[in-house]
Engineer: 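Below: one structure in C-alpha cells.
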Protein chains: 2
Amino acid sequence: MNVQEAMQRLKDKGYKYTDKRQDMLQLFSDESRYLAAKDVLEAMQKEHDGMSFDTIYRNLSLFTDLGILEGTELNGEKRFRFSCSVDEHHHHVICLDCGKTKHIHHCPMDDEPVRSSGFEVVGHKFEIYGYCEECKAPAAQ
Amino acid sequence: MNVQEAMQRLKDKGYKYTDKRQDMLQLFSDESRYLAAKDVLEAMQKEHDGMSFDTIYRNLSLFTDLGILEGTELNGEKRFRFSCSVDEHHHHVICLDCGKTKHIHHCPMDDEPVRSSGFEVVGHKFEIYGYCEECKAPAAQ
DNA sequence: ATAACTGCAAAAAGTTTGCATCCAT
DNA sequence: ATGGATGCAAACTTTTTGCAGTTAT
C-alpha cells in the first residue's frame, strides 16, 4: 500500500481527497510504523492549524475500513500503520517505544491444534513486543 | 492457580483476605474464561449490594500484579482470567462471544525469524479469536 | 448543487484517583 | 491500633457523535 493506491481507493469509493487526508496518508507512508491517534494529531497540527481529533479518528476509521491502514491495540490505545498484510500473510515484532515493526514470515495459524479447537476462527493476533535496536539502549522500558 | 493458592499468595504479601476478594476469586475459578470488569461487577452485585467498579478495578489490578490473574485486551476493554500461563507456556483461542478459551500448545516465539529480528523481546501475544461451539450458531457475530 | 468533510462541543465508555470511613489483622 | 480495603464522587483518557458550516466533486 502507498499513497497513490490509497488515493485511488478513496476516489473509487466516492470519497473525497482532501489536503488533510493526503497529509495523513503521507505521514503513514513516511513513518512505516504503528502510530497512535495522538501521534497523528501532533504531526498533522504542524501543517494544519485547527486540526482536531475528530477528523483524525474519522479518517483512521475510514482508512481502516477501506483496507488502507491496519490497526492494533496496545495499552488501551489503538494504533495504526499503512496496511501491509494484503501483500502476504505475516506478523510483526513491534517496538514498544517508537512503534517500529519488523515482519515475521511465519504463521502459526495453520497448525493442527488450532484447526481442531472446534472454534469458528475469525481472526487472530500474533504480535511480539520489545525494543528495536535504536530504542533498546536509551529507553530500556 | 486456584482460590487456595491465590488466598495464600495474598496472605504472604500482607494483603487482607476479604469476603469480596474471596468471591471475586471464586468467580474466576468457576468461570474459567476471560471476564471484563463489567462482567465481574454484574456477578458480584448479586451477592454484594453496594459493590462498585473501584474495588473491582483495584482488585483486578492487584491480582494481576500478584500473578493470580492474567489479562488481555479486546475491543478496547481489558479482560481477565485465572492465570494459567504459569503452569506451561501456551496461548489461547478466545470466544469473542463469551470469552471461553482453549489452549494452543505451540509457541511460535522460538522461531528463527523472531530471534534474529534484532529486537529485545519483552513479551508477545498470540491469540486467536472466534466463536466457540456454543456461541457459533446463535450469535454468529 | 450536493454529498462528503470538518470543527466545535458534548457525550460516551472504560478506567483511575483522592479522601474519609471501615474492617481484618 | 494500624495499615490495608472500600465506597463515593470526581477526574481522566481515549474515542464517538450531533450539529451546523465548509469544501471537493
Engineer: With a 4.0 Å heavy-atom cut-off, tell me which residues in residues 18-54 of chain B come close to DNA chain C, sorted by residue number.
Structural biologist: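 Residues of residues 18-54 of chain B under 4.0 Å from DNA chain C: Ala37(B), Lys38(B), Asp54(B).
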Engineer: So, for Asp23(B) and His48(B), which heavy atoms are closest and what is the spacing to 0.1 Å?
Structural biologist: OD2-NE2, 2.7 Å
Engineer: So which atom in Leu10(B) and which in Tyr17(B) form the shortest heavy-atom distance, rounded to 0.1 Å?
Structural biologist: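 Looks like CD1-CD1, 3.6 Å.
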Engineer: Provide the start and end nucleotides, 5' to 3', of the part of DNA chain D that has atoms under 4.0 Å from heavy atoms of chain B.
Structural biologist: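 Result: dG3(D) to dA9(D).
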Engineer: For Phe28(A) and Leu60(A), work out which heavy atoms get closest and say how close.
Structural biologist: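 Closest approach of Phe28(A) to Leu60(A), heavy atoms only: CZ-CD2, 3.7 Å.
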Engineer: Lys16(A) and Arg21(A): which non-hydrogen atoms are nearest, and at how many Å?
Structural biologist: O-NH1, 2.8 Å
Engineer: If you take the centroid of each ring, where Trp contributes its six-membered ring, are His103(A) and His92(A) closer together than 6.0 Å?
Structural biologist: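 His92(A) vs His103(A): aromatic centres under 6.0 Å.
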Engineer: With Glu127(A), which residues qualify under side-chain contact (heavy atoms from CB on, under 4.5 Å), at least two apart?
Structural biologist: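 Once residues adjacent in sequence are excluded, the partners of Glu127(A) under the side-chain contact (heavy atoms from CB on, under 4.5 Å) criterion are Tyr34(A), Thr72(A), Ile94(A), Lys125(A), Tyr129(A).
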Engineer: In chain order, what residues pass the side-chain contact (heavy atoms from CB on, under 4.5 Å) check against Lys78(A), with sequence neighbours excluded?
Structural biologist: Glu73(A), Phe80(A)
Engineer: Could you tell me the boundaries of the chain A footprint on DNA chain C, defined by atoms under 4.0 Å from its heavy atoms?
Structural biologist: dA3(C) to dA9(C)
Engineer: Can you sort out the partners of Glu42(A) under side-chain contact (heavy atoms from CB on, under 4.5 Å), two or more places apart, ordered by chain and number?
Structural biologist: none
Engineer: Given that Lys16(B) and Tyr57(B) both sit by DNA chain C, which one's nearest nucleotide is further toward the 5' end?
Structural biologist: Tyr57(B)
Engineer: Could you check Gly76(B) against Tyr15(B) and say which one's nearest nucleotide on DNA chain C is further toward the 5' end?
Structural biologist: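 First, find each residue's nearest nucleotide; the 5'-ward one identifies Gly76(B).
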Engineer: Please walk me through it: do Phe63(B) and Met24(B) pass side-chain contact (heavy atoms from CB on, under 4.5 Å)?
Structural biologist: CA-CA 10 Å; Phe63(B) 293 164; Met24(B) 274 185 71; 4.1 Å; yes
Engineer: Specify the closest pair of heavy atoms between Lys13(B) and Leu66(B), including all atoms of both residues, with the distance to one decimal.
Structural biologist: CG-CD2, 3.9 Å
